[in-house]
Amino acid sequence: MTGWERFLDTFFNARVMAKYWPDILYGMVVTVELAVLVVISGIAAGLALALLRALGIRVFNWLLIFVVDVLRALPPLVIIVLIYFGLPSVDIVPSGFVSTWLALALVLMAFSEEIFWAGITAVPRGQWEAARSTGLSFIQTLLGVVMPQALRLTIPPLTSRTIAITKGTALGSVVAVSEILGQASSAVSNSYNPSPLMLGAAAYLVLFIPVVVAGRWVETRFAWKR
Amino acid sequence: MIVEAPLIVEARGIHKHFGALHVLKGVDLLVAERELVFVIGPSGSGKSTLLRCLNRLEEPSAGSVMVDGIDMLDRRTDINRARQRIGMVFQSFNLYPHMTALGNVTLALRKVAQKPRDEAEALGLAALDRVGLRDRAGHTPGQLSGGQAQRVAIARAIALEPRVMLFDEPTSSLDPELVGSVLAVMRELRESGMTMVVVSHEMGFARAAADRVVFMDDGLIVEQGPPAAIFAAPQQARTQAFISQIQRH
């Protein structure tokens, strides 16, 4: 065997790949499910918090800023482990899937709240004044005048942050979520061969390259064209 | 008072503090129906703040504001309903950039006056027609010149059929050649009998159209009277200094 053949046999072993590709495919389904749940719930919660923050309730906002800063400072893996191993002590036993979902959604919530809030504060004061002077209420102004402008500003940073956090689904492998990386690494230990990892890497590329490309399109489409 | 007519705006004893800054130091401003009051004064004299106290965009620290018989500072007053009666036009237009001209004009008609969409659009088009911009109804603010944008802003305010219009330096951010179109709309409004309070540096317009000129300095009304008297023969030293300064230009 030449060195090149040995390399191929180790990392791109056809026999191993043929055996484990259905597992990796199943992992892709789990990754997509997890990612979709994280994105929807995380962004929805972040938007809700930013709108609540706009109400200007001082004590609530202090608490909100504290929680958001903690969530942004902690590594997502630490939050996953805390939920997965910590909550059972109060008789809540989340699955690895739920723990990962919750942790990543909380992190995305924290980051997206900050992004939405930055968008809201970037809308000029005159917009509020013009709307209020015609008799629109605070809520009508926030939702009808300020948010449509704020959302446009938030789309580029929100897109890149969302992609970054979605890739964090791989952390679920630590708490036995059978997503791509989890499937790949258990296949590696069962087959004593790293080829399934190459399959896993390919699976991530198949999933995320379109997302990254779409993200770039969205970023240029919405960036500061006003 | 110059015009014997019922009062639309009655602001009395208005004080405004911004932190340690005492911006308004007890101002009375009474405006009669169909009157055009022109407020002039050096920058920082409090004239814009006074205007913004009238529709409570700024909360006066003390004093009372009645507009069209409504106590603007009473906690029980529905401020959003009251503000429908007070149109306001801003120096920087403040059009909603994500909406068309017609969308800008109809938003409050639909959300505040609760008109159905087709009725709001008919009223909105009529308002745009009045400022000569019916053909720009589908344009967004970015596609309008400054003068057109300010006229759309005026249409947005008059579409609600206010009892009084407040103008906060409406032409100050316009290129000189665009000022005339905005002043023409204001003159038309004036001729239709709209009550107006105008903070502006357009002294020519003040001379031609104002019933009364109010000169403010350092948070107080120093002097007021018909434009001819204020511009030709101001009584107070501070008014004289201000008038002679602006007339040098």
Side-chain angles (χ1 to χ4, degrees), chain A residues 43 46-48 50-58 61 112 115-159 217-226, chain B residues 48 51-52 54-59 70 77-99 103-114 124 127 140-143 149-150 152-162 164-168 173:
Chain A
I43 289 179
L47 180 59
L51 291 174
L52 287 175
R53 186 169 174 183
L55 297 178
I57 307 161
R58 195 170 299 174
N61 283 0
S112 62
I115 292 170
F116 285 129
W117 178 247
I120 290 172
T121 53
V123 174
R125 221 173 108 91
Q127 293 289 312
W128 285 95
E129 293 179 344
R132 295 305 306 273
S133 79
T134 61
L136 273 94
S137 69
F138 177 87
I139 298 288
Q140 284 173 327
T141 304
L142 177 64
L143 298 182
V145 173
V146 174
M147 282 317 287
Q149 299 177 55
L151 289 180
R152 200 181 174 84
L153 300 174
T154 53
I155 281 171
L158 195 60
T159 305
W217 180 79
V218 166
E219 285 178 36
T220 48
R221 168 85 176 68
F222 285 93
W224 298 105
K225 209 178 77 183
R226 306 221 304 159
Chain B
S48 283
L51 202 65
R52 294 154 60 83
L54 299 182
N55 65 352
R56 228 176 99 189
L57 275 188
E58 226 52 91
E59 194 82 44
I70 299 170
T77 299
D78 181 346
I79 189 70
N80 297 324
R81 277 184 74 93
R83 280 179 177 151
Q84 270 190 76
R85 301 165 183 242
I86 311 169
M88 188 159 195
V89 174
F90 301 85
Q91 178 177 353
S92 50
F93 326 143
N94 297 345
L95 290 182
Y96 315 133
H98 58 300
M99 294 180 183
N104 269 274
V105 178
T106 54
L107 182 69
L109 283 171
R110 290 193 288 117
K111 304 277 170 156
V112 185
Q114 312 261 332
T140 58
Q143 299 167 316
Q150 191 60 298
V152 171
I154 294 173
R156 174 172 68 182
I158 61 175
L160 291 160
E161 301 191 329
V164 54
M165 285 284 292
L166 311 177
F167 290 85
D168 189 2
S173 55

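A, B, ... follow the sequence lines: proteins, then strands. Residue 1 opens every chain. Note that the coordinates shown come from a computational prediction; the quantities given were computed from them, not determined experimentally.
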Q: Flag the one option from B:T140, B:N55, B:L95, B:I86 with the top tally of heavy-atom pairs under 4.5 Å to chain A.
A: B:L95
Q: Looking only at non-hydrogen atoms, find the nearest pair between B:F90 and A:A130 and report the distance.
A: CE1-CA, 3.5 Å
Q) What distance do B:D78 atom CG and A:S137 atom OG have between them, rounded to the nearest 0.5 Å? A) 10.0 Å
Q. Can you list the residues that meet the ring-ring contact (aromatic ring centres under 6.0 Å, His included) rule with A:W117, with sequence neighbours excluded?
A. none
(Q) Take a 6.0 Å sphere around CD of B:Q143 and say whether it holds more than 12 heavy atoms from other residues, nucleotides or ligands. (A) yes
Q: With a 4.5 angstrom heavy-atom cut-off, could you sort out which part of A:Q140 is near chain B: side chain, backbone, both or neither?
A: side chain
Q) Under the salt bridge (charged side-chain N to carboxylate O under 4.0 Å, His left out) rule, what pairs show up with a residue in residues 127-149 of chain A, not counting sequence neighbours? A) A:R125-A:E129, A:E129-B:R52
Q. Quick one: does B:M99's side chain get under 4.5 Å of A:P148's, heavy atoms only?
A. no
Q. How close do B:N80 and A:G135 get, heavy atom to heavy atom, and via which atoms?
A. CB-O, 3.0 Å
Q: Show your working on side chain to side chain contact (heavy atoms under 4.5 Å, CB included) between B:L107 and A:T134 and close with a plain yes or no.
A: CA-CA 9 Å; B:L107 182 69; A:T134 61; over 6 Å; no
